[in-house]
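A quick write-up on the structure given underneath.
Numbered from 1 within each chain, the chains take letters A, B, ... in sequence-line order. Remember, it's a predicted structure, so these values are computed and weren't measured experimentally. Values below: every heavy atom of this structure, side chains too, minus hydrogens, waters and symmetry copies.
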Amino acid sequence: MNYWLVKSEPEAFSWDQLVKDGETVWSGVRNYTARNNLKAMEKGDLVLFYHSVTGKEIVGIAKVSRVAYPDPTADSVAWVATDIQPVKPLKHPVPLTAIKEDARFKDFSLVRQGRLSVMPVDKELYDAILAMSQKA
DNA sequence: GCCAACGTTGGC
DNA sequence: GCCAACGTTGGC
């Protein structure tokens with residue numbers, strides 16, 4: 001079991017849309033680091049869903065329902081997609097500012113490598129984020 | 001194979 | 001809307 005975080009601009013694809021659809025194809029990744037992370041996902045892995053640009057907060061938990069396969073939106077088989085399903089929304093979204101303020105996250109990719117759109121999350125950090133989401 | 005130029009992402 | 005960071009591209 002691994003933990004991940006994916007980013008999406010809510011204008012492009014939001015958590016609400018994922019809940020409404022029940023499942024989505026996580027495609028369109030065109031960055032090798034992010035691609036490698038997608039490939040490392042296993043079925044059932046949990047994925048934190050982060051809204052970038054508008055919101056800048058982690059809003060929900062999803063899970064991997066299908067492991068990496070060739071991205072249907074790409075011309076090349078080099079790129080992959082996965083399928084994800086919503087699990088549950090966070091009670092309180094965890095904003096990027098709160099993560100930046102917390103020393104436990106100083107090496108977290110969301111802080112260190114702002115442009116990466118798919119990243120692994122240590123279990124300790126995943127648990128910490130869930131704990132933060134319980135508090136207002 | 002290096003590195004400058006360019007494009008994109010995403011926080012502010 | 002601006003700009004910093006950084007990945008990618010392409011010339012040499």
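Look at CZ on A/Arg35: it is 14 Å from C1' on C/dG7, rounded to the nearest Å. C/dG7 atom C1' lies 6 Å from atom CZ of A/Arg115, rounded to whole Å. Straight-line distance from the CZ atom of A/Arg30 to the P atom of B/dG10: 15 Å, rounded to whole Å. Rounded to an integer number of Å, the gap from CG of A/Asn37 to P of C/dG7 is 13 Å. Atom-to-atom, CZ of A/Arg112 to P of C/dC6 comes out at 9 Å; the value is rounded to the nearest Å. Put simply, CE on A/Met119 is 14 Å from P on B/dT9, counting in whole angstrom units. For the pair A/Tyr50 OH and B/dT9 P, the interatomic distance rounds to 15 Å; values are reported in whole Å. In this structure, A/Glu57 places its CD atom 15 Å from C1' of B/dG10, rounding to the nearest Å.
Under a 4.0 Å N-O distance rule, the pair A/Lys123/A/Asp127 qualifies as a salt bridge. A/Arg30 and A/Asp71 are joined by a salt bridge, as a carboxylate oxygen and a charged side-chain nitrogen come within less than 4.0 angstrom of each other.
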- [ ] Apply ring pair (Phe, Tyr, Trp, His ring centres under 6.0 Å) to A/Tyr32 and A/Trp79, showing your working.
- [x] CA-CA 8 Å; A/Tyr32 287 103; A/Trp79 302 111; 4.8 Å; yes
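Residues satisfying the side-chain contact (heavy atoms from CB on, under 4.5 Å) test with A/Pro70, not counting sequence neighbours, are none.
For the pair A/Tyr32 and C/dT9, the criterion of a side-chain N or O lying under 4.0 Å from OP1 or OP2 is not met. OP1 or OP2 of B/dG10 has not a single side-chain nitrogen or oxygen of A/Gln113 nearer than 4.0 Å. Taking side-chain N and O atoms only, A/Lys100 has a distance below 4.0 Å to OP1 or OP2 of B/dC12. In this structure, A/Lys7 reaches the B/dG10 phosphate: one of its side-chain N or O atoms is under 4.0 Å from OP1 or OP2.
Judged by distance alone, the side chains of A/Trp4 and A/Asp45 do bring a donor and an acceptor atom under 3.5 Å apart.
Note on A/Leu110: it clusters hydrophobically with A/Leu90, by side-chain heavy-atom contacts below 4.5 Å among ILVMFWY residues.
Overall bending of the helix from B/dG1-C/dC12 to B/dC12-C/dG1, expressed as the angle between end axes built from five pairs apiece, is 10° (10° steps).
Classification of the A/Phe49-A/His51 ring pair by plane angle, with boundaries at 30° and 60°, yields perpendicular.
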